[in-house]
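Below is one structure, written out as structure tokens; comments come after it.
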Amino acid sequence: MTKEERLKKRHRSEKRFKLYGVASIFVALLFVLILVQNIFSKGSSAFMKTAINVEVFFDPELLELQNGASSDDILQADFFDITIETLLKAYPAKNLDEENELIDLFSTDAEIEIRKAFLENNNLVGKKINLEITASDDIDQLHKGNYPRDLPEDRRRISNFQLNIYDNLVESKKIVKNFNNYFFKNGDSRNPELAGIGGALVGSFYSILICLLLSFPVAVLASIYLEEFAPKNKITDFIEININNLAAVPSIVYGLLALQILLATIQLPRSTPLVAGITLALMTLPRIIIPCRASLKAVPPSIREGALAVGASKFQSVFHHVVPLALPGTLSGTIIGLAQALGETAPLILIGMVAFVVDIPSTPIDPSSSLPVQVYLWSESAERGFVEKTSATIMMLLSFLIVMNFIAVYLRQKFEKRWN
Amino acid sequence: MSNIKIKSKNLNVYYGQKQALFDVNLDINEKEVTALIGPSGCGKSTFIRCINRMNDVIDICKVEGNIEIDGIEVNDKELDVVSLRERVGMVFQKPNPFPKSIYDNISYGPKIHGKGETKSELDEIVEKSLRKAALWEEVKDRLDEPGTGLSGGQQQRLCIARAISVNPEVILMDEPCSALDPIATAKIEELIDELKKTYTIVIVTHSMAQAVRVSQKTGFFHLGKVIEVGKTEKIFKNPDNKMTQDYITGRFG
Ligand SMILES: Nc1ncnc2c1ncn2[C@@H]1O[C@H](COP(=O)(O)OP(=O)(O)OP(=O)(O)O)[C@@H](O)[C@H]1O
Ligand SMILES: [Mg+2]
């Protein structure tokens, strides 16, 4: 081979390599795109809910209230009859069956919504107002176009009579699409139109907070000690290897550990963010120690020597110079560790966080759900309404993860000091 | 004849199994510049790091024998290394300013030793140290800029100023000019000349010319042993030892 040929060959192989690289990035991006597109197309509709505009007449007789009644009376007042009256006014029904079908078009929370409107406004007794009452899951899905209406009637959940009413309501512009505040505010529910991730959000927040509070200080202190103070010998080598091993242990094993120790032995309350937080902290600990030690290691020894040479003690050289330099890397490692913990499902299932929890937890020792577990729970449900909610929850989870990773990168780039 | 400031007696240093210094006996005079020369790996750095106990940092390093500063034993386990290093400053081969402001680089030492109680006292120390290191005029308007943003020569003078800031008695310099160009080197050499009025200086150098220019006394190391010590003039004009002769004339090293 001549020199020229060899040169040409080298250029060609370089070009080929670049091409492979670009192609593989392209394939990877394609997968991400498909995933995002899929989740987005399924999930975005969950952020809207269908409501039906009805006229409510707060009949004093049905309420058994006078204007200016005491607040106690109002809280006691019975809204059931008013609700039925209101819903029945939406469309003329001929018999009891039709009345029932008519009422079924509305969410089971119609009564609560009417009552809430009454409590939020003063002096509604004897007055009429227009209210947008949340529609049932079936109407919601129908209105969003997720429900096939051309099936034969006996295979549909919506009867011809109901379809007829729906078309009528659409024509008279009584059906509206609103922002779905229930999705963010409510806990879980058997009714998809009422189900929300409020409980899961709070549960995840408490779990991650506890995880952070437990794992961060322990991990940082352990890293500083191991990296800066501990003698380098067989014992510390052994510890180092085992920290790396722990980081690779499947998360479900931590769930089993928590089940045995935290729940069975110490008897902490089951299904709570407290237990979830402790479990996630155990899992996250080595995942923080590793980047933390790496960033301590990355601080050049000359900085330590410089500090020691002007008479700083070991402690001062570490805490005045090394730790501040290692902080950005440590923080970003911590955030990435927490992001992993946020998406962790398996150990939480083992400690009973799969329980059906309607109430929003107010403390970390209340039973609760968490975002990834909520995804798991809803993905098992048959109702169409839960399909979009599953994807919407994944969207929320992913956006939290993206934000956290973004913060991690930002911290690293903004505060990492350059040295020569 | 000047006073002896530092006296090493039968100093042996080991890195694990490997012995790096063999029975080193060397006297360093007060307010003089002592140059240490010798081929790479002969133990010059090891020796000066014994004077401020910097070798403590290295786990496998073991020091035997005596080093006295003003008659006080340095290798005494009871001795407080912090106050030792306050008295014996060090400048390293590669400039290693803290990644902080110029001001903080200088004020750090005095602060941890409780030398500057007030801001104005600290300001004064910073200015004095930078002036002594011949850096003041170049940086007085940007004291809050990072020290790592200076040029190599300026960084090294910053490190010298940092060493001066705690007002030591001895300054150890381990090849302070090896990363610098001739102009920066000349500045540092001038500076060393000035500093020897106040401080006892030990400098490790690979440049014979530099040793001749800055030092009054020279020690020649070879394979961990002191081969010859004496007045710089004598070492370079007519050394007693054949090996010294060979080394300074560039026949080995
Ligand atoms: N941290 C260490 N661990 C093990 N051996 C070391 C260590 N530092 C130095 N040595 C060994 O000790 C001997 C003396 O090293 P030293 O650094 O003192 O040499 P030097 O004279 O300063 O060389 P140079 O001119 O290249 O800087 C060398 O053989 C070196 O390999
Ligand atoms: Mg050296």
Side-chain angles (χ1 to χ4, degrees), chain A residues 223-241 292-332 411-420, chain B residues 48-49 51-60 80-100 104-115 129 146-152 155-156 158-159 161-168 171-174 179:
Chain A
S223 316
I224 293 176
Y225 179 74
L226 281 174
E227 203 52 51
E228 303 289 333
F229 294 97
K232 304 272 171 286
N233 56 26
K234 289 243 163 61
I235 299 174
T236 43
D237 281 351
F238 181 75
I239 291 175
E240 160 134 39
I241 292 169
C292 184
R293 288 187 66 178
S295 44
L296 286 169
K297 238 189 213 121
V299 176
S302 64
I303 299 289
R304 297 179 179 81
E305 293 200 325
L308 291 176
V310 289
S313 64
K314 177 88 190 159
F315 183 84
Q316 287 169 327
S317 89
V318 169
F319 282 90
H320 294 168
H321 298 279
V322 180
V323 170
L325 289 176
L327 211 54
T330 302
L331 288 182
S332 76
L411 277 178
R412 214 169 17 209
Q413 298 204 332
K414 177 86 202 272
F415 295 106
E416 193 146 80
K417 291 227 168 111
R418 304 261 160 254
W419 43 76
N420 30 337
Chain B
I48 68 164
R49 287 167 63 93
I51 301 174
N52 68 344
R53 296 255 305 256
M54 259 337 238
N55 285 326
D56 287 11
V57 182
I58 301 166
D59 284 332
I60 56 166
D80 180 27
V81 285
V82 167
S83 50
L84 170 69
R85 289 176 192 153
E86 196 184 335
R87 292 173 59 202
V88 184
M90 189 162 199
V91 176
F92 297 84
Q93 177 169 358
K94 229 178 109 206
N96 60 345
F98 302 134
K100 300 186 178 201
D104 289 345
N105 261 284
I106 311 295
S107 63
Y108 179 70
K111 250 189 215 156
I112 57 173
H113 295 301
K115 280 189 174 154
S129 310
T148 38
L150 297 173
S151 78
Q155 286 190 18
Q156 196 60 301
L158 183 67
C159 292
R162 184 174 69 189
I164 292 169
S165 68
V166 292
N167 199 20
I171 301 177
L172 310 173
M173 298 184 172
D174 193 350

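Keep in mind the model is a prediction, meaning the values are calculated, not measured. Protein chains get the first letters and strands the later ones, always in sequence-line order, with residue 1 at the start of each.
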(Q) Going by the rule side chain to side chain contact (heavy atoms under 4.5 Å, CB included), which residues pair with E228(A) if we only count those two or more places apart in sequence or in a different chain? (A)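 Expected list: I224(A), L296(A), R304(A), K314(A), V318(A), V322(A).
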Q | Residues which pass side-chain hydrogen bond (donor to acceptor under 3.5 Å, both in side chains) with D59(B), listed by chain and number, not counting sequence neighbours | A |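 Once residues adjacent in sequence are excluded, D59(B) has no partner under the side-chain hydrogen bond (donor to acceptor under 3.5 Å, both in side chains) criterion.
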Q: Please check if the side chain of R85(B) supplies one atom and the backbone of N52(B) the other of a donor-acceptor pair under 3.5 Å.
A: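 Yes, because the side chain of R85(B) sits within donor-acceptor range (under 3.5 Å) of the backbone of N52(B).
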(Q) If I measure from the heavy atoms of chain A, does V88(B) come under 4.5 Å with its side chain, its backbone, both, or neither? (A)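 The answer is the backbone of V88(B).
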**Q.** chain A contact via V82(B) - which portion, at a heavy-atom distance below 4.5 Å
**A.**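 Contact with chain A: backbone and side chain both.
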Q: Please determine, among E86(B), R53(B), R162(B), the option with the most heavy-atom pairs under 4.5 Å with chain A.
A: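 Most pairs with chain A among the choices: R162(B).
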Q. So F315(A) and F229(A), would you call those rings parallel, tilted or perpendicular, with 30° and 60° as cut-offs?
A.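 The rings of F315(A) and F229(A) sit tilted, inter-plane angle from 30° to 60°.
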